[in-house]
**Q** 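There's a structure below that I have some questions on.
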Amino acid sequence: MAAQPDVLVVGAGFAGMYAVYRFRKLGLQVRVLEAGSDVGGTWYWNRYPGARCDVPSLEYSYGFSPELEQEWDWPEVFSAQPDILRYANHVADRFDLRRDIQFNTRVTAAAYDDEANLWHLETRAGEAFSAPYCVMATGCLSVPIKPDLTGAESFTGTVLHTGLWPKEEVDLEGKTVGIIGTGSSGVQAIPELAKLAKSLHVFQRTPVYTVPANRKTMREAVQQEFKDNYRSIRDMQQNNAGGVSNFRPQRSVKKPTPISFRAADNNIKPLSEQERRARVVQRGLGELLAFSDVYTDSEANEIANELFREGVHHLVRDSSTAQALCPTDYGLGCKRQVLDRDYYDTFNRDNVNLVDLQATPLETITPTGISTDARHYDLDVLIYATGFDAMTGALLKANVTGRGGQPLKDKWNYGPVTYLGLQMRGFPNLFTVTGPGSPSVLCNMIIAIEQHINWIGDCITYLREHGIRTIEPKEHSESTWIEHVNEVAQGTMFTSPNCNSWYLGANIPGKPRIFMPYVGGYPRYRDRCEHEAARDYEGFELDRSA
Ligand code: NA7
């Protein structure tokens, strides 16, 4: 039997992988338990056609190893899933991470044992693991959900979920495919599925605001300029609200960098109608995202929404399809921005049909397809692009129980309560990575992950060096932090009353409506974490009775 590790880590996505590297450097014995058969997390599971990251790859990459930065080449500016997974595998090989990771191992329970001061983890296969510290690197979008649709089990064709896409190639040639869901995953998949399938029915409940993604291949000179400036780029990331440097190559660009329209004074309201339209015509729908007041002023927001709808009508030939694709009951900036490749143009194809579920509601899944109140659609393949139980789902699914057997689901009955998205009172020595109450999904995830793992590693080292038995947040720290997290989200489009996003848990019936990530910006958040470490974790209760 293997020796008891110092730290158990759940998940071998980018967080769990970096935890192995970092904790080893700190002299800790680490054991990672991962449900999948290999590394990569999100990028392991989300293999659907069209899956792609919405952060440039030179930024969405580890910064802990200058050698890694220099040796890795990205083929595109915004990478597709296979390239990101290839990178994850390279990192795992290069740093020999897999020897501390046990794959095909789903954690089904994590319980704190007060007396022994240990975390006991159980797996689906009945294995048991224990360690003094436990890190839940379980991801923010890792529990795919399917809506509870009548007859769903009766469908006899192939059923797929974008978030659980098979490793084996899915042959769609000659098939009639139906896809439910037009969030980020659906929008990315639909143009690719349309090319592969005989015909595609898109079942849409809520239309989306999506703008064209940057689809540039990487130019060698641009990549080299990034590589030459990586140290200052990493510093810039640390000081940017979203953890991106926005570094603009000077040497390798042929013409001078265009003047940024993202300046704080770049508002849509003061512009004339003609000027607004000219900007959109010249620069595309994405230009609407560059106006500052769109995110803070509901009038400005509606001006942009209307221009967006106009744009959709220009892009989609059939006017009733265009009309159905126009969002009307919520505004830009409420949900995570979706980026696409040819989404609207896909609806101009003869083999693609939009089914507007607001006009013709979905009634039942049948053995052969989907019935709406207007007609039946025969399908060979049914794809769910219906999202995730975001941010809290994976933590709750792991059946975490803290001091005195308190279930995490009870503590979070009215929404997630954490201090800094790193720890929960009543759950000593348990750490979460990019958890609710931290910048998390509002930040470049790799930057957020590295900061959390560094903080957790340093914290565990401190506890061990000072003979401290346990750490958990003080009650006051936790409650004031949650108040602050809520306060900074108020007044933003994220929390406007007509906004229903997964950030708010609104995609899950019965889930408390709380804005889960910290919107106050990564640098402000990081300062707070550093402040805690520098002041001997004064916001935490430390049990020195060891
Ligand atoms: P999202 O963004 O949660 O989108 C899920 C989609 O599924 C959305 O269009 C939903 O419509 C639709 N949905 C959910 N339930 C139903 C039912 N019952 N009927 C019809 N349509 C339904 O998930 P994604 O996977 O696309 O993206 C999640 C994040 O992953 C994304 O933001 C990126 O950060 C990566 P609704 O809007 O609820 O009406």
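As a basis for the values below, the full set of heavy atoms in this structure was taken, side chains included, without hydrogen atoms, waters or symmetry mates. Note that ligands are numbered from 1 as they come in the structure, with each ligand's atoms numbered from 1 the same way.
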**Q** Is Ile383 close to Thr162 at the side-chain level, that is, under 4.5 Å between some pair of heavy atoms?
**A**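 Side-chain contact under 4.5 Å: yes.
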**Q** Using the six-membered ring of Tyr44, assess whether NZ or CZ of Arg47 lies under 6.0 Å from its centre and within 45 degrees of the ring axis.
**A**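 Yes, a cation-pi geometry.
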**Q** Are Leu141 and ligand 1 in contact, using a heavy-atom cut-off of under 4.0 Å?
**A**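 Right, Leu141 reaches ligand 1.
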**Q** Can you sort out which atoms of ligand 1 are near Arg336, meaning under 4.0 Å from one of its heavy atoms?
**A**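 Those qualifying, in numeric order: 32 (O), 33 (C), 34 (O).
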**Q** Looking only at protein heavy atoms, which one is nearest to atom 29 (C) of ligand 1, and how far off is it?
**A**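 Going by distance alone, atom 29 (C) of ligand 1 is nearest to Trp502 NE1, 3.7 Å.
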**Q** Can you sort out which atoms of ligand 1 are near Leu357, meaning under 4.0 Å from one of its heavy atoms?
**A**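 Going through ligand 1 atom by atom, the ones under 4.0 Å from Leu357 are 20 (C).
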**Q** Out of curiosity, Ser184 OG to Gln337 CD, how far, rounded to the nearest 0.5 Å?
**A**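 Taking OG in Ser184 and CD in Gln337, the distance rounds to 9.0 Å.
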**Q** Would you mind running through ligand 1 and noting each atom that sits below 4.0 Å from a heavy atom of Ala385?
**A**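 Contacts of ligand 1 toward Ala385, numbered from 1: 5 (C), 6 (C), 7 (O).
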**Q** Pull out every atom of ligand 1 sitting under 4.0 Å from any heavy atom of Thr206, numbered as shown with elements.
**A**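 Those atoms are 36 (P), 37 (O), 39 (O).
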**Q** Which residue and atom name correspond to the protein heavy atom nearest atom 20 (C) of ligand 1, and how close is it?
**A**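 Protein heavy atom at minimum distance: Ile180 CG2, 3.5 Å.
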**Q** Counting heavy atoms only, which part of Thr386 comes closer than 4.0 Å to ligand 1: side chain, backbone, both or neither?
**A**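 For Thr386, the contact with ligand 1 is made by both the backbone and the side chain.
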**Q** State whether the number of non-hydrogen atoms from other residues, nucleotides or ligands found under 6.0 Å of His313 atom NE2 is greater than 12.
**A**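 Yes, the 6.0 Å shell around NE2 holds more than 12 heavy atoms from other groups.
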**Q** Here's one to test your reading of the geometry: is the NZ or CZ of Arg205 within 45 degrees of the ring axis of Phe203 and under 6.0 Å from its centre?
**A**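 Geometry flag: not set, cation outside 6.0 Å or 45°.
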**Q** Can you find a non-hydrogen atom of Gln188 under 4.0 Å from ligand 1?
**A**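 No, Gln188 has no heavy atom closer than 4.0 Å to ligand 1.
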**Q** Is the closest heavy atom of Thr162 to ligand 1 under 4.0 Å?
**A**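 Heavy atoms of Thr162 never come under 4.0 Å of ligand 1.
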**Q** Out of all atoms in ligand 1, which are within 4.0 Å of some heavy atom of Lys335? Include the element for each.
**A**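 Listed by number with element: 37 (O).
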**Q** Please identify which atoms of ligand 1 are closer than 4.0 Å to at least one heavy atom of Gly181.
**A**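 What qualifies from ligand 1 is 6 (C), 7 (O), 9 (O), 12 (C).
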**Q** Check whether any protein heavy atom sits under 4.0 Å from atom 12 (C) of ligand 1.
**A**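 Protein heavy atoms within 4.0 Å of atom 12 (C) of ligand 1 - there is at least one.
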**Q** List the closest protein heavy-atom neighbour of atom 31 (C) of ligand 1: residue, atom name, distance to the nearest 0.1 Å.
**A**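 In this structure, atom 31 (C) of ligand 1 has Ser184 CB, 3.5 Å as its nearest protein heavy atom.
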**Q** Hey, can you tell me if Tyr209 and Tyr330 have their rings parallel, tilted or perpendicular (30° and 60° cut-offs)?
**A**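 Tyr209 vs Tyr330 ring planes: perpendicular.
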**Q** Taking Glu59 for its side chain and Ser245 for its backbone only, find out whether a donor-acceptor pair lies under 3.5 Å.
**A**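 At least one qualifying donor-acceptor pair exists.
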**Q** Got the closest protein heavy atom to atom 23 (O) of ligand 1, with its distance?
**A**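 Nearest neighbour among protein heavy atoms for atom 23 (O) of ligand 1, to 0.1 Å: Gly387 CA, 3.1 Å.
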**Q** So that I know where these two stand, are Tyr295 and Phe291 an aromatic pair - ring centroids less than 6.0 Å apart?
**A**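 Centroid separation for Tyr295 and Phe291: 6.0 Å or greater.
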**Q** Are the ring centres of Phe14 and Tyr62 closer than 6.0 Å?
**A**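 Yes: the rings meet the under 6.0 Å criterion.
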**Q** Specify the protein heavy atom at minimum distance from atom 18 (N) of ligand 1: its residue, its atom name, and the distance to 0.1 Å.
**A**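 Scanning the protein heavy atoms, the shortest distance from atom 18 (N) of ligand 1 goes to Pro147 CB, 3.2 Å.
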**Q** Can you pull out the closest protein heavy atom to atom 9 (O) of ligand 1? Residue, atom name and distance to 0.1 Å, please.
**A**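 That would be Thr182 N, 2.9 Å.
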**Q** Below 4.0 Å from ligand 1: does a non-hydrogen atom of Phe203 turn up there or not?
**A**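 Distance cut 4.0 Å: Phe203 fails for ligand 1.
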**Q** For atom 4 (O) of ligand 1, what is the closest protein heavy atom, and at what distance to 0.1 Å?
**A**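 That would be Gly183 CA, 3.5 Å.
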**Q** Which of the numbered atoms in ligand 1 are under 4.0 angstrom from any heavy atom belonging to Ser185?
**A**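 Those of ligand 1 that fall under 4.0 Å from Ser185 are 24 (P), 25 (O), 26 (O), 27 (O).
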**Q** Establish, yes or no, whether a centroid distance under 6.0 Å links the rings of His452 and Trp455.
**A**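 For His452 and Trp455, the ring centres are not under 6.0 Å apart.
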**Q** Identify the protein heavy atom lying closest to atom 10 (C) of ligand 1, giving its residue, its atom name and the separation to 0.1 Å.
**A**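 Scanning the protein heavy atoms, the shortest distance from atom 10 (C) of ligand 1 goes to Arg205 NH2, 4.5 Å.
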**Q** Looking at Glu153, I'd like to know if its CD atom is crowded, meaning that more than 12 non-hydrogen atoms belonging to other residues, nucleotides or ligands lie closer than 6.0 Å.
**A**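 Check fails, neighbour count at 12 or below.
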**Q** Are side-chain heavy atoms of Ile268 and Leu307 found at a separation under 4.5 Å?
**A**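 Yes, their side chains come closer than 4.5 Å.
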**Q** Has Asp148 got more than 12 heavy atoms of other residues, nucleotides or ligands less than 6.0 Å from its CG?
**A**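 No, because the 6.0 Å sphere around CG of Asp148 holds 12 heavy atoms or fewer from other groups.
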